[in-house]
Amino acid sequence: MPVRADAVAAAVNDVAQVLAAHGDPLDLAHRLVHHCQDLLRADSVGLLVDDGAGSLHLLAATSSETRVVELYQLQQDEGPCLDAYRSGRTVDVTSRAAVRERWPRFAVLADREGIASVHTVPLLVGGRVVGALNLFRRGEGGFGAVERDVAQAMASFGAVGITQLEHVAESSRVRAQLQEALDSRVLLEQAKGVLAERHRIHPDDAFALLRGEARASRRRLRDVAQEVVDRLSAGDDTRAPV
């Protein structure tokens, strides 16, 4: 099914609202990966960013399984996100055999998770690579020309978000804000774990609860996650926000 122009416009508008409001980088990242998954028929999507010191860190993923795949790349120091980040060029690998040939260690987990093709776009700001957007599919075959253009456009939005952080303060504060976003991801994982155990649900469903509460109460995702961890960890189920 071709990419629909109205769906692209809606996704762009949604992400643009976060950028215009100088919103939460974690919220922006999660919106971005989920829009990419929906628009581009990707089975999973991950977003990694430079921490300001030359190291990549996972900022958002569409599922727990995707998170494992992304972190495995970093652990093994091998995979599409690292190639795109280091080269500044898009990586497009369209078959299981090509994945195994190019990244033998990464391919072990990719095979286990059913990943057959990869399309990774570097996040570029003024010629500097600040991260990478990974799109994984279970089926073999490359992305079409329109899909590649949309992936590039969405990656550019991610890069613009980081650029906005650079504009609000000096570089030291930028690093602090990026680190806060990365720390927020860790806190979010803790909150998801607490909710998943409490409600006996999948972590991805727990994330949906957190995001819904954040939107309903007009608070940052990080603040809702912190409240969940603080209250439920203390055994105060009655006042937990979700």
### Query
If every non-hydrogen atom of Ala155 is compared with every non-hydrogen atom of Val121, which pair is closest and at what distance?
CB-CG1, 3.6 Å
### Query
Quick one: do Arg100 and Asp111 make a salt bridge, cutoff under 4.0 Å?
yes
### Query
Under a 4.5 Å cut-off applied to non-hydrogen side-chain atoms, are Val99 and Ile115 in contact?
no
### Task
Grab the two heavy atoms, one from Leu135 and one from Ala151, that are nearest each other, plus how far apart they are.
CD1-CB, 4.2 Å
### Short side-chain to backbone donor-acceptor contact, His199 and Ile201, under 3.5 Å
no
### Query
Within a strict 4.5 Å, meaning less than it, do heavy atoms of the Phe136 and His119 side chains meet?
no
### Message
Just to verify, which of Gln76, Glu70, Gln75 counts as forming a side-chain hydrogen bond (donor to acceptor under 3.5 Å, both in side chains) with Gln73?
### Response
Glu70
### Side-chain donor or acceptor of Arg137 paired with backbone N/O of Ser117 under 3.5 Å
no
### Task
State, with a plain yes or no, whether a side-chain heavy atom of Leu187 is found less than 4.5 Å away from one of Gln190.
yes
### Message
Looking at every heavy atom in both Leu210 and Ala225, which two are closest together, and how far apart are they?
### Response
CD2-CA, 4.3 Å
### Query
Do the side chains of Val45 and Leu47 join up, straight or via other hydrophobic residues, at under 4.5 Å, putting them in one cluster?
yes
### Task
Please report the shortest heavy-atom distance between Val93 and Ala98, naming the atom on each side.
CG1-CB, 3.4 Å
### Query
Would you call Val150 and Val8 a side-chain contact if the rule is heavy atoms closer than 4.5 Å?
yes
### Message
Tell me whether Thr120 contacts the main-chain N or O of Asn134 through its side chain, where contact means a donor paired with an acceptor under 3.5 Å.
### Response
no
### Message
Checking the side chain of Glu78 only, and the main-chain atoms of Arg105 only, is there a donor and an acceptor separated by less than 3.5 Å?
### Response
yes
### Message
Looking at Glu197, I want to see if its CD is surrounded by more than 12 non-hydrogen atoms of other residues, nucleotides or ligands under 6.0 Å.
### Response
no
### Query
Is there a side-chain contact between Glu113 and Thr66, using heavy atoms and a 4.5 Å cut-off?
no
### Query
How long is the span from the CG atom in Asp14 to the CG atom in Leu32, to the nearest 0.5 Å?
10.0 Å
### Task
Kindly work out whether a path of hydrophobic side-chain contacts (I/L/V/M/F/W/Y, heavy atoms less than 4.5 Å apart) joins Phe157 to Leu40.
yes
## Note on the structure
Rounding to 0.5 Å, atoms CG (Asp204) and CG (Leu209) come to a distance of 11.5 Å
### Task
May I ask whether Phe143 and Leu39 are part of the same hydrophobic cluster, defined by side-chain heavy atoms of I, L, V, M, F, W, Y residues being less than 4.5 angstrom apart, directly or through others?
yes
### Query
Do the side chain of Gln37 and the main chain of Asp43 share a donor and acceptor less than 3.5 angstrom apart?
yes
#### Entry: Where Ala84 and Pro122 come nearest, the two heavy atoms and their spacing
O-CB, 3.6 Å
### Message
Parallel, tilted or perpendicular: which one describes the rings of Phe106 and Trp103, with boundaries at 30° and 60°?
### Response
perpendicular
### Query
Do the charged groups of Arg67 and Glu189 touch, with an N to O distance under 4.0 Å?
yes
### Task
Could you give me the CA-CA distance, side-chain angles and deciding distance for Leu195 and Val228, then say whether side-chain contact (heavy atoms from CB on, under 4.5 Å) is met?
CA-CA 8 Å; Leu195 286 176; Val228 168; 3.9 Å; yes
### Message
I'd like to know if Asp27 pairs up with Arg222 as an ion pair, taking the criterion as any Lys NZ or Arg NE/NH1/NH2 lying under 4.0 Å from an Asp or Glu carboxylate oxygen.
### Response
no
#### Entry: Rounded distance (nearest 0.5 Å) linking atom CZ of Arg220 with atom CD of Gln226
10.0 Å
### Task
Verify salt bridge (Lys or Arg N to Asp or Glu O under 4.0 Å) between Asp50 and Arg128, making sure each step is shown before the conclusion.
CA-CA 11 Å; Asp50 189 321; Arg128 179 170 65 92; 5.4 Å; no
### Message
Do Val69 and Ser44 make a side-chain contact, defined as non-hydrogen atoms from C-beta onward lying under 4.5 Å apart?
### Response
no
### Query
Quick one: does Leu48's side chain get under 4.5 Å of His57's, heavy atoms only?
no
### Query
Would a hydrophobic clustering, with Ile, Leu, Val, Met, Phe, Trp and Tyr connected at side-chain separations under 4.5 Å, put Val33 with Val130?
yes
### Query
Does a side-chain heavy-atom distance below 4.5 Å link Cys36 with Leu133?
yes
### Task
Measure across Ala196 and His202 and return the closest heavy-atom pair with its distance rounded to 0.1 Å.
CB-C, 4.5 Å
### Task
To the nearest 0.5 angstrom, please state how far the CZ atom of Arg148 sits from the CG atom of Asp92.
6.5 Å
### Task
Check the hydrophobic clustering (I, L, V, M, F, W, Y; side-chain heavy atoms under 4.5 Å; chains of links allowed) and say if Leu71 and Leu109 are grouped together.
no
### Task
Give the intermediate values and the outcome of side-chain contact (heavy atoms from CB on, under 4.5 Å) for residues Leu188 and His30.
CA-CA 12 Å; Leu188 180 61; His30 277 284; 3.5 Å; yes
### Query
Are Lys192 and Asp205 within salt-bridge range, i.e. N to O under 4.0 Å?
no
### Query
Counting distance only, does the side-chain N/O of Glu147 pair as donor-acceptor with the main-chain N or O of Gly144 below 3.5 Å?
yes
